[in-house]
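Keep in mind that the numbers below use all heavy atoms, side chains included, and drop hydrogens, waters and symmetry copies.
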Amino acid sequence: MAQALEIISDEDRYYRADNFPKGLTRKVVESISHIKNEPAWLTEFRLEAFKIFESKPMPSWGFFPNFKVDIDEYVHYIGANHKKKKSWDEVDPEVLKSFERLGIPEHERKYLAGIEAMEDSETVYANVKKELTDLGILFCDIDTAIREYPEIVRKYIGTVVSIGDNKFSALNSAVFSGGSFAYVPKGVKTPMPLQAYFKVTAASSGQYERTLLIAEDGAELEYSEGCSSVQDKGTNFHTAVVELIAHKNSKIFYTTIQNWKKNMYNWTVKRGLCHEAAHITWTDVNIGANTIKYPGIVLQGDNSTGDILSLAFAGSAQIQDTGARIIHVGKNTRSNILAKGVSLDGGINSYRGLVKFTTGSSNAYSHVKCDGLMMDDRSQSHAYPYNDVSGQNGTLNYEATVSRIDEDQLFYLQSRGLSEDDAKLLIINGFCEGVTKHLNVEYSVEMTRLIRMILEDGKVISEHSDSAVS
């Protein structure tokens, strides 16, 4: 007698969106793909990544051993149970409150080209103005892009940050959910910044957004994002992958302010690829979390250029291991790295950077400047530069400083009528200005408030003190 075939229902084969267990298994990966109704090629992409993730050990260099993170202690998909909103009136008040904390007034939000909000693993709000559509600009969350523009996503995803690049690029590739997608056609410029916002609310969960931005020949793309998380006792894990592709003569300007809670692990992989005469600027601000992140640029095309501007604050029980990676491949390439780190209340801040001139490059130029500011005797500031110059006729300048607030500067400012707290705020804002001046206006306003909150929390200045410094 022929054996009866066992029929496995979807309910047994896949997890429900609101019922994922802790840990990472093949069933978790397949369930995410099933919930999103993804094409077969993307399911295969995820499963290949899962195999690579399992095969790679946790990193053992730098500060990694300090964190002792167990991936199986986190839930890797949190269904937001929301349909996408099309009107501000429909958006959860908590999400709106988060936008307000970023300093974006309502009239600015309505003016912006497009804003998308992601809560936990799913995008809950997305709006694209007709102005973008008329210009041929595509801007949406990555899940929508996979459904509506699969040929573009399939062409570019994983081409700048490969699945096997490192353990965390494999992790994100296996379980990513949400994130931004933008495509700007040839010769077109975004009329105003595209904006996205990511928020983590579920305790003991992982968030894995995936961002893919493409600027065609001669295009210009400006994108800004903010991130925050709900304060609670449980830790969270965040691993994003961001890929930028700047084609010939195009420009991409990417800005992020990550204001996570302190008991969060933030290990993000960000990289851009510049073709001939293209330019990429990363502006990266890190507040909260224990962070390991080094935005990178591959200057592949001749006459391509890149800037990485980084600002990190390390407070009590925090390690901020941030920096930059730039690889010069083409001829006549130029790069600039500016890294600023503030350590207070026993925090550890470090710059970890790589600048490489490959053997095929010639007449490459790079300038690297990293500055550390320590606010007390218990805090630490480190620099770990790695420079590999193999090309011909290249020039690389590197400078680093570590300092405390100058008592003479404090005395001078106080003698001019400022209080000690106002004087400290003025000095620290001046220290950060090399990075913050590149932020959009609404983010600059938020940064001023955030810097005050950080200094109050670290007991550098008095809480709720009246300030003449804005």
Side-chain angles (χ1 to χ4, degrees), residues 100-105 224 226-228 253 255-260 262 281-289 291 307-316 318 320 322-323 336-347 349-351 369-376 379-381 399-470:
E100 291 168 5
R101 291 198 54 170
L102 280 174
I104 307 175
S224 301
C227 310
S228 72
F253 301 93
T255 298
T256 183
I257 296 180
Q258 297 199 335
N259 182 23
W260 302 116
K262 287 186 177 181
T281 293
W282 294 100
T283 304
D284 197 66
V285 179
N286 297 288
I287 302 164
T291 300
D307 297 326
I308 299 178
L309 312 172
S310 175
L311 176 60
F313 293 86
S316 175
Q318 275 184 271
Q320 295 279 10
T322 62
N336 175 62
I337 296 172
L338 175 62
K340 299 275 188 174
V342 180
S343 307
L344 65 159
D345 201 18
N349 215 318
S350 67
Y351 165 81
K369 188 175 191 298
C370 59
D371 298 322
L373 183 63
M374 294 185 296
M375 306 304 299
D376 53 63
S379 300
Q380 300 178 38
S381 181
E399 55 181 303
T401 64
V402 177
S403 61
R404 298 278 300 274
I405 283 187
D406 192 304
E407 295 298 328
D408 291 337
Q409 285 183 332
L410 274 178
F411 175 78
Y412 174 81
L413 292 172
Q414 288 178 265
S415 71
R416 295 300 184 269
L418 292 179
S419 68
E420 182 178 353
D421 283 352
D422 285 344
K424 288 179 179 179
L425 274 170
L426 191 62
I427 291 170
I428 293 168
N429 277 313
F431 175 81
C432 300
E433 193 261 348
V435 176
T436 58
K437 70 179 180 181
H438 294 277
L439 300 175
N440 297 330
V441 174
E442 62 270 18
Y443 280 14
S444 295
V445 172
E446 175 65 9
M447 271 309 304
T448 302
R449 294 201 298 267
L450 285 172
I451 289 172
R452 165 174 280 282
M453 290 167 57
I454 292 163
L455 298 182
E456 289 175 349
D457 185 54
K459 300 178 177 58
V460 175
I461 62 175
S462 300
E463 191 172 354
H464 304 310
S465 63
D466 294 330
S467 173
V469 181
S470 60

Stepwise, does the side-chain contact (heavy atoms from CB on, under 4.5 Å) test hold for L311 with I287?
CA-CA 9 Å; L311 176 60; I287 302 164; over 6 Å; no
State the CG-CG distance between D457 and L450, to the nearest 0.5 angstrom.
11.5 Å
CG (L455) and OG (S462) are apart, to the nearest 0.5 Å, by 11.5 Å
Apply side chain to side chain contact (heavy atoms under 4.5 Å, CB included) to E399 and list each qualifying residue two or more places apart in sequence or on a separate chain.
H367, K369
What residues form a side chain to side chain contact (heavy atoms under 4.5 Å, CB included) with D406, not counting sequence neighbours?
D408, Q409
Of the non-hydrogen atoms in C432 and I451, which two are nearest, and what is the gap between them?
SG-CD1, 4.3 Å
Distance, nearest 0.5 Å, that separates OG1 of T448 from CG of L439:
9.5 Å
Smallest heavy-atom separation, A423 atom then L410 atom, equals CB-CD2, 3.7 Å
State which residues pass side-chain hydrogen bond (donor to acceptor under 3.5 Å, both in side chains) with T291; sequence neighbours excluded, sorted by chain then number.
Q320
Taking only residues two or more places apart in sequence, or in another chain, which ones meet S381 in a side-chain hydrogen bond (donor to acceptor under 3.5 Å, both in side chains)?
none
CD/Q318 to CD1/I454 distance, rounded to the nearest 0.5 angstrom?
8.5 Å
Go through the structure and list residues passing side-chain hydrogen bond (donor to acceptor under 3.5 Å, both in side chains) with T281, not counting sequence neighbours.
H279
How would you list all residue pairs meeting salt bridge (charged side-chain N to carboxylate O under 4.0 Å, His left out) that involve residues 409-420, not counting sequence neighbours?
E420-K424
Measuring from T322:OG1 to I308:CD1, what's the distance to the nearest 0.5 Å?
11.0 Å
Please check this pair: side chain of E456 against backbone of I461, looking for a donor-acceptor N/O pair closer than 3.5 Å.
no
Counting only pairs under 3.5 Å, give me each side-chain donor-acceptor contact of residues 338-347, with atom names and distances, residues two or more places apart or in other chains.
{"residue": "K340", "atom": "NZ", "partner": "D371", "partner atom": "OD2", "Å": "3.0"}
{"residue": "K340", "atom": "NZ", "partner": "F431", "partner atom": "O", "Å": "3.3"}
{"residue": "S343", "atom": "OG", "partner": "Q380", "partner atom": "O", "Å": "2.8"}
{"residue": "D345", "atom": "OD1", "partner": "R378", "partner atom": "NH2", "Å": "2.8"}

Intermediate values then yes/no, side-chain contact (heavy atoms from CB on, under 4.5 Å), I428 and I405
CA-CA 8 Å; I428 293 168; I405 283 187; 4.2 Å; yes
Please enumerate all residues that pass salt bridge (Lys or Arg N to Asp or Glu O under 4.0 Å) together with D376, with sequence neighbours excluded.
none
Rounded to the nearest 0.5 Å, how far apart are CD1 of I427 and CG of L373?
9.0 Å
